[in-house]
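Working notes for the structure below.
Order of the sequence lines fixes the chain letters, A, B, ..., with proteins taken first and strands second; residue numbering starts at 1 for each chain. None of the values given here were measured: they were computed from a predicted structure.
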Amino acid sequence: SQQGEEDPQALSIQEGENATMNCSYKTSINNLQWYRQNSGRGLVHLILIRSNEREKHSGRLRVTLDTSKKSSSLLITASRAADTASYFCATDSLYTGFQKLVFGTGTRLLVSP
Amino acid sequence: SAVISQKPSRDICQRGTSLTIQCQVDSQVTMMFWYRQQPGQSLTLIATANQGSEATYESGFVIDKFPISRPNLTFSTLTVSNMSPEDSSIYLCSVVGLAGEQFFGPGTRLTVL
């Protein structure tokens, strides 16, 4: 089944720095969504970007989508210790079924004070 | 976004027993799903919980092992049957919002001894 690959697998930065995570997928998509998960708890929805969109912003978050390269990136600006979490991208497509999400492998972000 | 609750939040069970997990949403939703997150892994879709009909299972998941009920548009249950240690995971329900975002419940952390 299609699965997004995320890189890096782990990222360690200092507070105030920017963090960039990348997600690649294999087939054409309907939507791509980014999530945050703290310490094995539930997932927090961050941003949904549709296949016909190229960029979206939400507060300190910026998501880009390049359908020609089948990739997306999540940028967190001015990071805080509270941003420490795992971040996942998830896609749905005609191939997998509408709203049936296929998740990437995730990036573990550590933000040190 | 919808408010989703799950019960129990965690449980420790003996092998060979069954556990039923409940998912309650504060508003009526059409689409509801169940996912599994094995330790250190990403999320995998188990099934679509269909209101008024049998659930639709993904490859590798069967109704005898993971029976699902969806009696109305705000509630669903997932049962993990005849459990083994390999079933130790976080189980999450999700719903689709009006704009297409998929929101997740807080998860049920299951440990099978």
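For a residue to count as touching a neighbouring chain, one of its non-hydrogen atoms must lie under 4.5 Å from one of that chain's; by this rule B/T48 touches chain A with the side chain only. Heavy-atom distances place the side chain of A/Y35, and not its backbone, under 4.5 Å from chain B. In this structure, no portion of A/R108 lies under 4.5 Å from any heavy atom of chain B. With a threshold of 4.5 angstrom between heavy atoms, B/E58 approaches chain A through side-chain atoms but not through N, CA, C or O. Residue B/S89 does not touch chain A at all, counting heavy-atom pairs closer than 4.5 Å. Contacts between B/L92 and chain A at a heavy-atom distance below 4.5 Å involve the side chain alone, from C-beta outward.
Between atom CZ of residue A/R41 and atom CD1 of residue B/I90 there is a gap of 10.5 Å, rounded to the nearest 0.5 Å.
Hydrophobic clustering places B/Y91 together with B/I63 (ILVMFWY residues linked when any side-chain heavy atoms are closer than 4.5 Å, directly or through intermediates). One hydrophobic cluster holds both B/L110 and B/F61 under the rule that ILVMFWY side chains link at heavy-atom gaps under 4.5 Å. Note on A/L61 and A/I13: same hydrophobic cluster, where clusters join Ile, Leu, Val, Met, Phe, Trp and Tyr whose side-chain heavy atoms are under 4.5 Å apart, directly or indirectly. In the hydrophobic clustering of ILVMFWY residues, with side-chain heavy atoms under 4.5 Å counting as a link, B/M31 and B/L43 come out together. B/F33 and B/L78 fall into different hydrophobic clusters, defined by Ile, Leu, Val, Met, Phe, Trp and Tyr side-chain heavy atoms under 4.5 Å apart, directly or through other members.
Within 6.0 Å of CG on B/L113 lie more than 12 heavy atoms contributed by other residues, nucleotides or ligands. Around atom CD of A/Q14, more than 12 heavy atoms belonging to other residues, nucleotides or ligands sit under 6.0 Å away. By the 6.0 Å contact criterion, CZ on A/R54 is enclosed, its count of non-hydrogen atoms from other residues, nucleotides or ligands being greater than 12. Within 6.0 Å of the CD1 atom in B/I12, the count of heavy atoms belonging to other residues, nucleotides or ligands does not exceed 12.
Contacts with chain A were tallied for B/G107, B/S59, B/G100; B/G100 has the most, counting heavy-atom pairs under 4.5 Å.
Considering every non-hydrogen atom in both B/S42 and A/G104, the closest pair reads OG-O, 2.6 Å. When all heavy atoms are compared, the tightest approach of A/L48 to B/A99 is CD1-O, 4.3 Å.
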Do B/F104 and A/Q37 pass the side-chain contact (heavy atoms from CB on, under 4.5 Å) test, and can you show the C-alpha distance, the side-chain angles, and the key distance before you say yes or no? CA-CA 11 Å; B/F104 284 79; A/Q37 185 178 41; over 6 Å; no

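Counting heavy atoms from C-beta on, the side chains of A/T96 and B/L45 never come closer than 4.5 Å. Put simply, the side chain of B/Q37 reaches to within 4.5 Å of the side chain of A/F88, judged on heavy atoms. Under the 4.5 Å side-chain criterion, counting only non-hydrogen atoms from C-beta, A/L101 is in contact with B/Y35.
With B/Q102 as the partner, the side chain to side chain donor-acceptor pair (under 3.5 Å) test is satisfied by one option alone out of A/Q33, A/Q99, A/K100: A/Q99.
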